[in-house]
Colleague: 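Dumping the structure here so I can ask a few things about it.
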Amino acid sequence: MTQKGLFDDLAARGLIHDSTDAATLSARLDAEPIGIYVGFDPTADSLHVGHLLGQLTLRRFQLAGHRPFPLAGGATGMVGDPSGKSEERNLLDRDTLQHNVEKIKNQLSRLLDFSAGATSATLVNNADWTAQITALDFLRDVGKYITVNQMMAKESVKNRLTSENGLSYTEFSYMLLQANDFRHLCATHNVELQMGGSDQWGNITAGIDLIRKSMSRSAFGATWPLVTRSDGQKFGKTAGGAVWLDAQRTSPYQFRQFWMQMPDDDAVRYVPQFSLQSLDELKSVIDEHNGAPERRIVQRLLATEITTMVHGADAARDAEAAADILFGADPTQASFEALNVVAAEVPTTVVGHDQFDDVFGLLASAGVVTSTSDARRTIAQKGIKVNGVVLEEGQTLAAHGVLHDKWVLVRKGKTTYHLFEIAR
RNA sequence: GGGUCGGUGCCCGAGUGGCCAAAGGGAGCAGACUGUAAAUCUGCCGGCACUGCCUACGUAGGUUCAAAUCCUGCCCGGCCCA
């Protein structure tokens, strides 16, 4: 019924950081389908690549025959998780939170199958069972079972207690809410396993304890490691900010580029963690990649697979087609249709014929450069190419022609593209 | 509340009357080399109507031909005392 060896597979991919007794959990997973949940707090109206591991983990379990429960933290988002934070969070207001939950729900659905019979995913929102609980009930039914001593032992709590920022009672209580979520899902949906990032370990074990003490049954927990980058930067951040799953915030093209432009070391490390392909298949791909790293085989695999999962096959194909044109041959040879694809993926600004003389102003207002001064500098340093040709000082944007009577393709540096479209 | 030290560009940090749009480092941008990597090297790195002008060294005033630099008030932070 369930695929054997799931736990070992996860471990081999580098996806297990902590877990409750590995042998027991592994045997349990092999024996029969179980319910697993992963929580996502609605701190923004879109998830970002940092959340992908959680979604992919649920997907892996689903593919192996288990029942995934993505959880939107409508309630926990009200409080703020102190884990991994050095100071008290600013709380979002209810309307914003509600809005975020709605947007995120949709994204949580993307990678999972909700009509897969026994292994169907179930989207839950902890506000549904938490919002109505009275303070008294909560203290009796949850607080009673968890000691302050235990909460104080949490690393994130300790850190905050010794820092100057302090820790409010609200954030301190966060772990109780999360523990209650686990118990609720265990009681109502027979969910036995919670997973999360390594910073969630304390919250997860609190839930396991609560289940043992109040329900007299056992539950499992596991975490995946923090995704790190070889250069020490935070994963999922680029110069432009976070890489979002929302196509409005990060276009499929940009999303795909995030994976394409990944350093070799990171890409090789991430592939087993992010790809759903078997380890055997991946091993041969990695070998091939190491033999010819300039072909970016691993980056390409990640870019294609993840973009397809998040944005769909059509969007992934278009993004790839656009990138092939931009990073491939001479743009002046590109067909009208090809450029149309590019136009859909690359930021585009509509301009009038008469505006082409104001090169600095155009580049600045389109956001290609940060100011007209920056535009001057970049051009002086030969950093701007128009239709593939270096733009010299004093030339207008139309100096190298207009493609198909419609577009001027501007490239800044190696990877930034912008399209100027002539107003009709 | 008293004392004391400090608040400088995206970040760290030097500068204690003119030579200061402000050393140095980091980040960032561009160029070379490359593979839409990494490392390395070079240049840039407040804005604009760009051989000049404007705005900037917590904030508001003052002294001076001239202030990030001196004086006064205020705000904020560290430390010590109460």
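The figures that follow rest on heavy atoms only: side chains count, while hydrogens, waters and symmetry mates do not.
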Colleague: Do you know which of A:Phe182, A:Phe69, A:Phe220 makes ring pair (Phe, Tyr, Trp, His ring centres under 6.0 Å) with A:Tyr37?
Modeller: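 Of A:Phe182, A:Phe69, A:Phe220, ring pair (Phe, Tyr, Trp, His ring centres under 6.0 Å) with A:Tyr37 is met by A:Phe182 alone.
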Colleague: Rounding to the closest angstrom, what is the interatomic distance between B:C54 and B:C75 at atom P?
Modeller: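 Those two atoms are separated by 34 Å.
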Colleague: Using a heavy-atom cut-off of under 4.0 Å over every strand shown, decide if A:Pro293 touches base, sugar-phosphate, or nothing.
Modeller: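 Base, at least one base heavy atom under 4.0 Å.
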Colleague: I'd like to compare against my own output: the B/S/- annotation of nucleotides 44-57 of chain B with a strict under-4.0 Å heavy-atom distance to protein.
Modeller: SS-SBSB-------
Colleague: Using only atom types and a distance under 3.5 Å, with no angle test, would you say the side chain of A:Lys4 pairs donor to acceptor with the backbone of A:Asp30?
Modeller: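 Indeed, once roles are kept as given, a pair shorter than 3.5 Å links the two residues.
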Colleague: Rounded to whole Å, please give me the gap between NZ in A:Lys385 and P in B:U36.
Modeller: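 Taking atom P of B:U36 as the reference, NZ of A:Lys385 is at 11 Å.
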Colleague: Is a donor from one side chain sitting under 3.5 angstrom from an acceptor on the other, for A:Thr332 and A:Asn387?
Modeller: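 Checked: A:Thr332/A:Asn387 side chains show no N/O donor-acceptor pair below 3.5 Å.
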Colleague: Give, for atom CG of A:Leu362 and atom OG1 of A:Thr349, the distance between the pair rounded to the nearest 0.5 Å.
Modeller: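 Answer for the CG-OG1 pair, A:Leu362 versus A:Thr349, is 8.0 Å.
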Colleague: Between A:Gln299 (side chain) and A:Met262 (backbone), is there a donor-acceptor pair under 3.5 Å?
Modeller: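 Pair found, side chain donor or acceptor close to backbone of A:Met262.
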Colleague: C1' atom, B:G58 versus B:C76: distance in rounded Å?
Modeller: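 About 7 Å, rounded to a whole number of Å.
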Colleague: What is the distance from NE2 of A:His289 to C1' of B:U36, rounded to the nearest Å?
Modeller: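 Rounding to the nearest Å, NE2 of A:His289 and C1' of B:U36 are 12 Å apart.
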Colleague: Checking side-chain contact (heavy atoms from CB on, under 4.5 Å) against A:Ile379, which of A:Lys412, A:Glu392, A:Glu393 comes through?
Modeller: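 Testing A:Ile379 for a side-chain contact (heavy atoms from CB on, under 4.5 Å) against A:Lys412, A:Glu392, A:Glu393 leaves exactly one candidate, A:Glu393.
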Colleague: Just by modelled atom types, is the A:Lys414 backbone N or O under 3.5 Å from a matching donor or acceptor in the A:Arg411 side chain?
Modeller: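 Yes, the answer is positive, given that a donor and an acceptor are paired below the 3.5 Å cut-off.
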Colleague: Is there a Watson-Crick or G-U wobble partner for B:C79 with both distances under 3.5 Å, and which nucleotide is it?
Modeller: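 Paired with B:G3.
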Colleague: Which nucleotide, in any strand shown, forms a Watson-Crick or G-U wobble pair with B:G18, with both distances under 3.5 Å?
Modeller: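 WC or wobble partner is B:C65.
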Colleague: Could you tell me how far B:U64 sits from B:C50 if I compare only their P atoms? Round to whole Å.
Modeller: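 37 Å, rounded to whole Å.
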Colleague: Rounded to the nearest Å, what distance is computed from the OH atom of residue A:Tyr253 to the P atom of nucleotide B:U36?
Modeller: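 Nearest whole value for this atom pair: 12 Å.
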Colleague: Whether the A:Thr370 and A:Asp374 side chains hold a donor-acceptor pair (N or O, under 3.5 Å, no angle test) is what I'd like checked.
Modeller: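 Judged by distance alone, the side chains do pair up.
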Colleague: Please identify each residue that fulfils side-chain contact (heavy atoms from CB on, under 4.5 Å) with A:Pro347, with sequence neighbours left out.
Modeller: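 So A:Pro347 forms a side-chain contact (heavy atoms from CB on, under 4.5 Å) with A:His418.
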Colleague: Under a 3.5 Å cut-off for both distances, is B:G24 Watson-Crick or wobble paired, and to whom?
Modeller: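 Per the H-bond distance test, B:C12.
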Colleague: Any side-chain donor paired with an acceptor under 3.5 Å for A:Ser275 and A:Glu305?
Modeller: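 Indeed, the side chains of A:Ser275 and A:Glu305 share at least one donor-acceptor pair under 3.5 Å.
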Colleague: Without decimals, in angstroms, what is the distance between A:Gln261 CD and B:A37 P?
Modeller: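 Atom CD in A:Gln261 sits about 7 Å away from atom P in B:A37.
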Colleague: What nucleic acid atoms does A:Lys414 come within less than 4.0 Å of, heavy atoms only: base, sugar-phosphate, or nothing?
Modeller: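 It contacts base atoms.
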Colleague: Please state the P separation for the pair B:A21 and B:A30 - nearest whole angstrom.
Modeller: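 Approximately 29 Å lies between the P atom of B:A21 and that of B:A30.
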Colleague: Please report the distance separating the C1' of B:G26 from the corresponding atom of B:C44, rounded so that it comes out in whole Å.
Modeller: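 That atom pair is separated by 16 Å.
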Colleague: Check RNA chain B against residues 300-321 of chain A and give the residues with a non-hydrogen atom under 4.0 Å, in numerical order.
Modeller: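 When residues 300-321 of chain A is checked for heavy atoms under 4.0 Å from RNA chain B, there are no hits whatsoever.
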Colleague: Take the protein atom CD of A:Glu393 and the nucleotide atom P of B:A30, then report the distance between them rounded to whole Å.
Modeller: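 Rounded to whole Å, this separation is 17 Å.
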Colleague: Say you pick atom P in B:C79 and the same atom in B:A67; how far apart are they, in whole Å?
Modeller: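 About 36 Å, rounded to a whole number of Å.
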Colleague: Rounding to an integer number of Å, can you tell me how far A:Phe327 CZ sits from B:U36 P?
Modeller: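 My rounded result for the distance is 8 Å.
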Colleague: Partner of B:U40 by Watson-Crick or G-U wobble geometry, both contacts under 3.5 Å, or none?
Modeller: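 Paired with B:A32.
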Colleague: When rounded to the nearest Å, what value does the distance between C1' atoms of B:C57 and B:G6 take?
Modeller: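 Nearest-Å result for B:C57 against B:G6 at atom C1': 14 Å.
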Colleague: With RNA chain B as reference, determine whether A:Lys412 or A:Pro263 sits nearer its 5' end, using the nearest nucleotide of each.
Modeller: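 Closer to the 5' end of RNA chain B: A:Lys412.
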Colleague: Say we look at B:U8 and B:A23: how far apart would their C1' atoms be, to the nearest angstrom?
Modeller: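 Going atom to atom, C1' in each nucleotide, I get 12 Å.
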Colleague: Whole angstrom is fine here: how far is it from CG in A:Asp265 over to P in B:A38?
Modeller: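 The answer, rounded to whole Å, is 10 Å.
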Colleague: Quick one: CG on A:Leu47 to CG on A:Asp41, what's the gap to the nearest 0.5 Å?
Modeller: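 So the gap between those two atoms works out to 10.5 Å.
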Colleague: Between A:Glu392 (CD) and B:A30 (P), how many Å, whole number?
Modeller: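 Taking atom P of B:A30 as the reference, CD of A:Glu392 is at 17 Å.
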